[in-house]
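Everything below concerns the one structure shown next.
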Amino acid sequence: MELKNIILEKSEHLAIVTINRPKALNALNSETLKDLDVVLDDLEKDNNIYCVILTGSGEKAFVAGADISEMKDLSEEEGRNFGLLGNKVFRRLEKLDKPVIAAISGFALGGGCELAMACDIRIASEKAKFAQPEAGLGITPGFGGTQRLPRLVGEGKAKELIYTCATIKADEALSIGLVNKVVPLESLMDEAKAMASLIMANAPIAVKLCKDAINRGMQVDIDKAVEIEAGDFGKCFATEDQKEGMTAFMERRAKNFSNK
Ligand code: DAK
């Protein structure tokens, strides 16, 4: 697997994916999106990985958006292809059968904010800044911003942010529910790893099915959503980890999950 703009590291059950184009503040060009696609192929197949942290290299930016220098002269067809590639990759990330924590050091703008929103959980440093500046560039958010932002922060706030292109700081992002937690920059990765450890202490298949139930259930009405939940709940009873989790509770001993 040869990656040009992404570093993939694995340690025990944790994978850390770092977008690594610091000279362009980690802006997403098509090369980087293709790298991410390859990384997702790998993570999808790797049953030994239970949780993923997605971050940007350097302290200044998580991702400063889609690459404006690449987008500037796109034709309509090229623009559509770029958008299709980005949307395909973001959707794969959102549906990955492992939880993904975005660790956001600095700028998360445009496609960067959208990438963070395609993750399950967002932890921001106190220096992080968020915006959807697309309307100021003559475009609409194209990697899911018009859809995921209102689902996360509500329609009114999403419209305000998208129409005004306002940049907000980490504390405001926390207050509107765009991020889960704000931490000092120095402890960003430690905090992300600590949250990953809490997640990885639980039964991986159950966590995966929780993600599936939440993601699919949020897109349908409540009657269908509880059917989805019941289906995923049922699947747990075909796992060894359900027996182990409940037996360990009854026997008052530590559980030992096997991801089976
Ligand atoms: N693209 C390309 N290069 C970028 C970049 C970006 N988004 N952001 C920064 N850079 C580059 C700068 O050009 C500069 O490169 P050099 O000049 O050194 O070669 C380097 O990174 C450092 O940036 P600055 O010199 O500008 O650093 P400052 O500290 O002065 O400013 C900044 C930092 C983050 C405030 C500023 O760089 C900035 O405003 N960047 C652009 C932020 C932005 O507008 N992002 C949103 C991009 S639009 C679509 C799908 C998705 C999208 C669109 C369509 N389709 C469906 C087709 C998504 C669109 C976006 O994300």
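In each ligand, atom 1 is the first atom listed, and ligand 1 is the first ligand listed. Only this structure's heavy atoms are used, side chains among them; waters, hydrogens and symmetry mates stay out.
Looking at ligand 1, you'll find an N or O of A64 within less than 3.5 Å of one of its N or O atoms. The N/O atoms of G111, backbone and side chain alike, include one that comes under 3.5 Å of an N/O atom in ligand 1. Residue K60 has at least one N or O atom closer than 3.5 Å to an N or O atom of ligand 1. Of the N or O atoms in L137, none lie within a sub-3.5 Å distance of an N or O in ligand 1.
Under 4.0 angstrom from ligand 1, the non-hydrogen atoms of A27 all belong to its side chain. Residue-level proximity to ligand 1 for F107 is carried by the side chain, the only part with a heavy atom below 4.0 angstrom. Only the side chain of P133 comes within 4.0 Å of ligand 1, judged by heavy-atom distances. Heavy atoms of L28 found under 4.0 angstrom from ligand 1: none, in either backbone or side chain. At a heavy-atom distance under 4.0 Å, only side-chain atoms of E134, from C-beta outward, approach ligand 1.
Protein heavy atom closest to atom 57 (C) of ligand 1, with residue, atom name and distance, is G79 O, 3.1 Å. For atom 37 (O) of ligand 1, the closest non-hydrogen atom of the protein is L25 CD1, 3.7 Å. Protein heavy atom nearest atom 4 (C) of ligand 1, with residue, atom name and distance: A24 O, 3.8 Å.
Counting side-chain heavy-atom gaps under 4.5 Å among Ile, Leu, Val, Met, Phe, Trp and Tyr, the cluster of M218 also holds I214.
Atom numbering of ligand 1 starts at 1 in the shown order; those under 4.0 Å from a heavy atom of G83 are 55 (N), 56 (C), 57 (C). Near L109, meaning under 4.0 Å from one of its heavy atoms, ligand 1 places the atoms 34 (C), 42 (C), 45 (N). Every atom of ligand 1 is numbered from 1 in the order shown, and the set under 4.0 Å from a heavy atom of I139 is 53 (C), 59 (C).
The nearest non-hydrogen atom to atom 20 (C) of ligand 1, considering only K72, E114, K23, comes from K23.
The pair D221-K224 counts as a salt bridge, with a side-chain nitrogen and a carboxylate oxygen less than 4.0 angstrom apart. Under the 4.0 Å criterion applied to side-chain N and carboxylate O atoms, E160 and K157 are assigned as salt-bridge partners. Between D37 and K34, none of the side-chain N atoms (NZ, or NE/NH1/NH2) sits under 4.0 Å from a carboxylate O, so this pair counts as no salt bridge. Between D67 and R21 a salt bridge is recorded (basic side-chain N to carboxylate O distance below 4.0 Å). Electrostatic pairing of E44 and R92 counts as a salt bridge here, judged by a charged N lying under 4.0 Å from a carboxylate O.
The heavy-atom pair separating L178 from L152 by the smallest distance is CD1-CD1, 4.0 Å. Here the shortest heavy-atom pairing between V153 and G177 reads CG1-C, 4.3 Å.
Residues N29 and T32 have side chains that bring a donor and an acceptor to within less than 3.5 angstrom of each other.
For atom 60 (C) of ligand 1, a protein non-hydrogen atom is found at a distance below 4.0 Å.
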Could you give the side-chain donor-acceptor pairs of residues 104-121 under 3.5 Å, partners two or more places apart or in another chain?
residue : atom : partner : partner atom : Å
S105    : OG   : G58     : O            : 3.4
S105    : OG   : E59     : O            : 3.4
E114    : OE1  : G111    : N            : 3.4
E114    : OE2  : G142    : N            : 3.4
E114    : OE2  : F143    : N            : 3.0
E114    : OE2  : G144    : N            : 3.4
E114    : OE2  : G145    : N            : 2.7
D120    : OD2  : V100    : N            : 2.7
D120    : OD2  : K211    : NZ           : 2.9

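Under the 4.0 angstrom criterion for non-hydrogen atoms, M71 is in contact with ligand 1.
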